[in-house]
Each structure stands twice: as C-alpha cells, then as structure tokens.
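Here's a structure for you.
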Amino acid sequence: MSEAEGDRIAELAKRRGFFFQTAGVYGGVGGFYTYGPHGASLKDNLEAAWRELFVTREGHMEIDAPTVMPESVFAASGHLETFDDMILECPDCGASHRADHLVEDNTDIEEAESLPPAEIATTIAEHDIACPTCGVALAGEPVEEFNLMFETNIGPGTASPGYLRPETAQGIFVDFPQLSQYARNQLPFGVAQIGRAYRNEISPRKGLVRVREFSQAELEQFFDPETDEPPLTRVADVSLPLYSATQQAAEDGGLQELTVGEAVDRGVIESDWLAFYLGLSLDWYASVGVDMDRFRYRQHRPGELSHYAADCWDAETEIGGDWVEVTGFAYRGSYDLDKHADYSGESFSVFEQYDEPVTVERPTVDPDMSELGPRFGGVATDIADALETRAERDPDAFDGETVTVEVAGDRYTVPVEQTGFAVETVTESGEHVTPHVVEPSFGIGRLVYTALVHAHREDEVDGETRQYLALPPSVAPTTVGVFPLMDRDGLDEYAQRVAGELRATGLSVTYDDAGAIGRRYRRQDEVGTPFCVTVDYDSLEADTVTIRERDTTAQRRVPVDDLGETVLALRDGDCRFDEL
RNA sequence: GCGCCGGUGGUCUAGUGGUAGGACAUGAGCUUCCCAAGCUCAUAGCCCGGGUUCAAUUCCCGGCCGGCGCACCA
C-alpha cells in the first residue's frame with residue numbers, strides 16, 4: 001500500500017508510456033490524461049473484455065451516442081439542477097458551503113436550489129445567516145455558481161446551450177423509444193455503451209482516479225419490475241465480498257462473504273437484478289487483473305445515494321490504502337424514463353401483451369359532430385375531447401339528460417344522447433409498462449489504474465531486483481516479445497521472420513534486438529508482456545525457439561512451426577505454460 | 001475553491017545570486033551463446049510571467065501544475 005504505490009505506478013506509467021498528464025509543454029492541464037501506446041492498448045483490451053461479457057455473451061445491444069447533448073436532455077435528467085451548485089465562501093475561516101443548503105437549514109424555504117443566486121444572497125443577508133463552521137455573519141458575501149457540467153453552445157450564438165455529458169447513460173435513456181423498437185419492444189433488454197464523459201471537477205486528484213474527462217462502460221438493463229426475473233441461478237453460487245450499509249453503520253461491521261443466493265434470500269441485496277450483475281461481474285474483475293483480496297462491493301448509505309438511485313452498490317478496489325470506486329451498480333427505478341417522458345411528452349413505456357386477453361368494461365363516447373359542430377363552431381372538437389375525458393373519469397355524469405363540460409374556462413352543456421355515451425365491454429390484450437433500470441457503470445480509467453497497481457511486482461533474479469507487471473495475458477498491451485539472442489549470424493533474420501509470422505496470427509508482438517538479452521527481458525517485464533520468444537543458435541539447426549514466461553522467468557523449448565497457436569493458447573488460457 | 005509543502009534532462013535526483021553534476025533510461029559502435037555486465041561516444045534539463053539585481057535556476061510576487069488536509073464527488 002502507501003502513497004509510494006501510486007507514485008511508483010505514476011513514474012512507471014509516464015516512463016514506459018501507459019499514461020501521462022496532457023499538454024505538459026504548456027504546463028499541463030489539471031484532470032486530463034493521455035494514454036500512451038501501452039496504456040491505450042491496455043485500455044482497449046479492457047474495453048474489449050467488457051464488451052465480450054456485457055454485450056456479446058449477455059446478448060445486449062451496444063450503441064454509440066454523442067458526447068454533446070442539448071440542454072433539454074439534462075433539464076429532464078436532473079443534472080442541470082443537481083450539478084449546478086451555489087457555493088458561498090466564508091470570508092473569515094475560508095470554508096466553502098452550499099449556499100442553497102444554508103438557506104434551507106435556516107429558513108422555511110424548501111428547494112432553495114431552484115432560486116437564482118442573487119435571491120439566495122439576499123435571503124442570507126435578510127436572515128442573518130452565519131457560517132456554520134466559525135459563526136461569522138455571511139451577509140454580503142457573493143454566491144458563486146458552479147456547474148460540474150462543461151457548457152458549450154450548439155451552433156452560433158448562445159440560443160442553444162449544450163453540455164458535455166456527465167455520464168454516458170443519458171444517451172441511452174433519451175432515445176429509449178427508438179431503442180425499444182430495436183429490441184422489438186420485448187422486455188427485458190439491455191443497452192450498453194462505452195464512451196467518454198466529462199465532469200468539471202473542482203479539484204482533480206490522484207492520477208487517473210478523479211479526472212475531468214474519462215471513459216465509462218455502462219449497461220442499462222431494462223425490465224418489468226412486476227414480472228421479469230434475472231437468471232439468478234447462473235450466478236447463485238458466486239461468493240460476494242459484501243460491505244452493506246448496515247455493516248458500515250455497525251461498530252464492528254466488516255465484510256460479509258455471501259453467495260448471490262444467500263444475499264438475496266437474506267435481503268442483504270434487495271434487487272434480484274442488482275444481485276445478478278454483482279455476481280456476473282465478479283469473475284470479470286479477476287480476469288482483467290484486479291487483485292480480489294483488495295476488492296469489495298460496498299452499498300451506498302442512505303444519504304449517499306444519487307438523485308436518481310433507489311439503491312446502489314459500488315465495486316471498490318484498494319489502491320495505496322484508499323478504496324476507489326471502479327463501478328457503480330445503481331437501481332435507478334423508472335426515474336430517468338419517467339423524467340424524459342414527462343419533459344418530452346413522448347411515450348417511454350413498453351406495451352406488454354397479457355398471456356390471456358382481459359375483458360373490461362369501459363365507458364366511451366362517440367359525439368354526434370353533425371349536431372355539435374354547427375352548434376359550438378370552433379370549440380366543438382375541444383368539447384368532444386372533454387367529453388371523452390369526462391367519460392373515462394366520471395361516467396356517472398352521463399346518467400342524466402345532459403352533461404356539462406368545461407373548455408378553456410367556459411361551460412358547455414350537451415344532451416347525453418348527442419354524446420354517443422356507452423359502456424362497452426372491451427378486450428384488453430396488454431398494458432403499457434415503464435421499465436425499471438439497473439445500471440452497472442464501469443469507470444474504465446480507474447480499472448486501468450487498478451490493473452496496473454495490482455499487477456506491480458518486485459522480485460529478485462540473480463541478485464538483481466526485477467520489476468514487472470503481472471497483467472493477465474489477455475489484457476497485457478503486448479502478448480509476446482521476439483528477440484534474436486545475437487544480432488548477427490542470421491539469428492536476426494530468423495527472429496524477424498518469427499515476429500512477422502506471429503503478427504500474422506493477430507497477436508500483439510514486439511521485436512527487440514538492442515542490448516543484452518537480459519535487458520530485453522526486463523524491458524518486457526516492466527510493461528507486462530507475458531511471453532518472450534528467443535531465437536538462438538539451436539533454432540537455426542532444429543527450428544525450435546525458447547519461450548519464457550514473465551512471472552516465473554522459466555523457459556521451454558518449442559517447435560517454431562506451431563508457435564503462433566502455442567502463444568494464442570497461452571494468452572487465452574487454453575494451455576498452461578508448465579504444460580508445454 | 002481555501003490552507004500547507006513542492007516543481008532541475010524521458011525518469012530519479014545533487015547543487016548554486018555569475019545559466020548546472022550524477023545515476024538510470026535512450027541512440028551509435030565495440031564486446032557478449034539466455035536474464036538490467038563492461039568500454040567509447042552521443043542526445044537531452046533549471047515550469048511560466050513579472051519584480052529586485054551589473055547578473056536570477058537560486059531571492060520576492062503572481063500564475064500553472066503536483067502532493068497532502070478541508071470542501072466537493074451527480
């Protein structure tokens with residue numbers, strides 16, 4: 001652990017091209033990192049592994065939405081309001097406070113968040129609100145607005161404000177009606193997306209942990225909360241390291257090791273869908289290089305939940321003594337779809353057919369427009385609509401001779417016989433359901449960082465300290481290094497040919513003929529290359545090469561003919577090195 | 001954003017009011033028949049701006065960036 005752990009990785013990352021701070025020649029810019037060659041490759045491999053599970057294996061759809069969205073999207077999602085904080089700083093002690101919270105705590109005003117900053121400042125002065133930290137009067141202090149979303153303008157001028165998305169999820173929610181079509185309106189279905197998101201953090205910290213631009217891999221699992229069940233049996237026996245809100249509150253609370261089945265049965269995880277994804281994801285973390293002894297699922301405490309979340313579990317990894325959120329598994333309910341339905345006026349529900357149609361009695365109207373039209377003129381259609389609404393809500397009103405409806409403040413009386421009122425027996429074949437959402441949201445950069453930190457090892461070879469990255473072969477940036485033992489006598493040509501043949505199989509290969517052989521092994525150790533192939537003088541005689549394993553430095557001699565297949569099998573875990 | 005501390009080749013560092021030295025890494029060459037060996041040579045640096053001074057990498061101020069604490073973290 002220790003800070004040294006993060007420092008070592010930051011140093012290695014910069015020196016060997018995993019990641020580094022962007023625009024260093026201009027002094028650098030806070031919270032922005034560039035992935036170097038090895039880092040970009042590692043990140044790609046991690047994303048591919050994610051896609052393999054959450055898209056391909058689970059059969060979900062993947063989309064790619066824009067990173068800039070119009071204001072209306074975030075007005076509906078709640079981000080415009082929740083991300084726009086009013087900060088007030090104490091002139092005396094320097095503490096920052098949420099100005100709207102000060103007002104709410106000290107006055108009868110609720111939802112002060114929706115008030116303009118000037119009004120908040122006036123209210124603070126009027127009520128003589130003092131700094132909660134030191135007690136100094138805050139009257140007259142400026143209320144600063146701070147929005148965590150990057151704002152921009154769409155097109156010329158400022159008429160169409162746009163925002164860089166603070167999460168990729170809204171790109172899925174906002175086009176749910178379209179996506180539902182592609183899923184043939186069949187719940188449950190999932191939509192995945194890998195992409196960039198942006199948050200103008202007040203103070204970015206700790207390398208890749210808190211940055212202003214980052215990659216998310218998110219899955220939105222849509223389901224009918226009444227009828228749809230996840231395939232829990234597939235993961236029922238997976239053992240989860242759980243740190244529930246209850247355990248966090250308990251004095252002696254610690255991790256609970258429960259299987260997915262047990263956690264659901266005991267109500268530790270309330271949502272079956274959340275439980276399913278916690279179970280499904282566990283092995284994935286291990287497969288991309290997370291040290292599972294430094295991993296836990298932690299439930300959000302009640303006050304910690306996001307504005308949209310009903311329940312949330314974070315996957316956390318331990319880095320330098322701190323626990324870092326690498327995934328949020330949120331139960332978002334129907335919050336997002338309801339909001340977009342509300343703001344847009346469009347339907348964000350799915351029509352679900354019943355197994356058996358249901359017959360119900362329903363009051364209907366069929367107004368006689370040949371009577372209503374001449375009599376009421378332009379408002380006739382509005383009156384017809386009002387009659388229809390009235391019939392649905394208050395069919396008893398049609399019991400008498402006439403019925404009265406109100407349109408735009410005026411009352412109109414219509415003879416019931418002209419309304420065509422009837423109670424019909426209709427057959428309903430289904431109903432409209434607004435799906436609920438469970439969302440696993442992976443922070444790719446934090447996982448890359450975790451993979452590097454957890455993979456870092458030191459050992460001793462022939463009295464020399466060796467530094468290496470024990471990355472899983474499937475995610476390591478380079479799979480195999482190829483070296484000629486000597487850069488002469490035809491060994492180099494032979495090795496070049498071997499490297500070319502390996503590349504042709506689709507493997508990620510690096511060729512190195514510079515310096516002593518040991519130095520070349522070390523270079524590859526440091527960037528986590530799991531296998532190195534060396535061409536020596538025996539190769540020229542017998543067409544065999546040595547293959548060396550990173551973690552043990554052990555070597556085997558193998559025929560060059562099926563080298564490609566051998567390395568592929570080693571990378572994919574179809575064969576163990578000590579079986580060669 | 002506030003406070004404290006810091007910023008010297010790609011990396012890690014020494015040092016200084018008269019523009020800098022090392023180690024590692026990198027490149028070229030020699031050597032070398034499997035784990036950072038050795039030799040020669042080469043490339044490469046005082047975060048930015050202002051001030052004080054004959055002279056600033058060094059002192060002062062501001063900025064940028066980083067670490068830590070506070071705040072923030074949908």
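In the text below, chain A, chain B and the rest are named by the order of the sequence lines, each starting its count at 1.
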Between A/Y297 and A/L278, is there a donor-acceptor pair closer than 3.5 Å when you use the side chain of the first and the backbone of the second?
->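 Yes, because the side chain of A/Y297 sits within donor-acceptor range (under 3.5 Å) of the backbone of A/L278.
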
Is the distance between the ring centroids of A/F173 and A/F348 less than 6.0 Å?
->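 No, the ring of A/F173 stays outside the 6.0 Å limit from the ring of A/F348, centre to centre.
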
Could you go through the side-chain contact (heavy atoms from CB on, under 4.5 Å) check for A/E439 and A/Y277 one step at a time?
-> CA-CA 9 Å; A/E439 174 198 77; A/Y277 279 110; over 6 Å; no

Quick one: A/L208 CG to B/rC73 P, roughly how many Å, whole number?
->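 The distance from CG of A/L208 to P of B/rC73 comes to 22 Å, rounded to the nearest Å.
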
Within this structure, what is the CZ-to-C1' distance between A/R210 and B/rA71, rounded to whole angstrom?
->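 Result: 10 Å.
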
Please report, rounded to the nearest Å, how far the P atom of B/rC68 is from the CZ atom of A/R205.
->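 Rounded to the whole Å, the gap is 7 Å.
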
Please report, rounded to the nearest Å, how far the C1' atom of B/rG67 is from the CG atom of A/D7.
->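 Computing the A/D7:CG to B/rG67:C1' distance gives 8 Å.
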
Could you let me know what B/rG69 is paired to, Watson-Crick or G-U wobble, both distances under 3.5 Å, or none if it's on its own?
->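 B/rG69 is paired, partner B/rC2.
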
Rounded interatomic separation in angstrom, taking CD from A/Q216 and P from B/rC73 |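 Checked: the CD to P distance equals 17 Å.
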
Describe the nucleic acid contact of A/G36 in one word from base, sugar-phosphate, nothing, applying a heavy-atom distance below 4.0 Å.
->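 The residue A/G36 makes no contact with any strand.
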
Atom pair CD (A/Q524) and CZ (A/F531), whose distance is rounded to the nearest 0.5 Å =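 Nearest 0.5 Å value for the CD-CZ distance: 13.0 Å.
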
Nucleic acid footprint by protein, nucleotides 29-41 of chain B - heavy-atom cut-off 4.0 Å, B for base, S for sugar-phosphate alone | ---BBBBBS----

Taking NZ, NE, NH1 and NH2 as the nitrogens, is one of them in A/E526 or A/R522 under 4.0 Å from a carboxylate oxygen of the other?
->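 No, no charged N to carboxylate O under 4.0 Å.
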
Nucleotide paired to B/rA44 in any strand shown, Watson-Crick or G-U, under 3.5 Å |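 Answer to the pairing question: none, since B/rA44 forms no Watson-Crick or G-U pair.
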
If pairing requires Watson-Crick or G-U wobble contacts with both distances under 3.5 Å, which nucleotide is the partner of B/rG18?
->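 Pairing partner, where one exists within any strand: B/rC54.
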
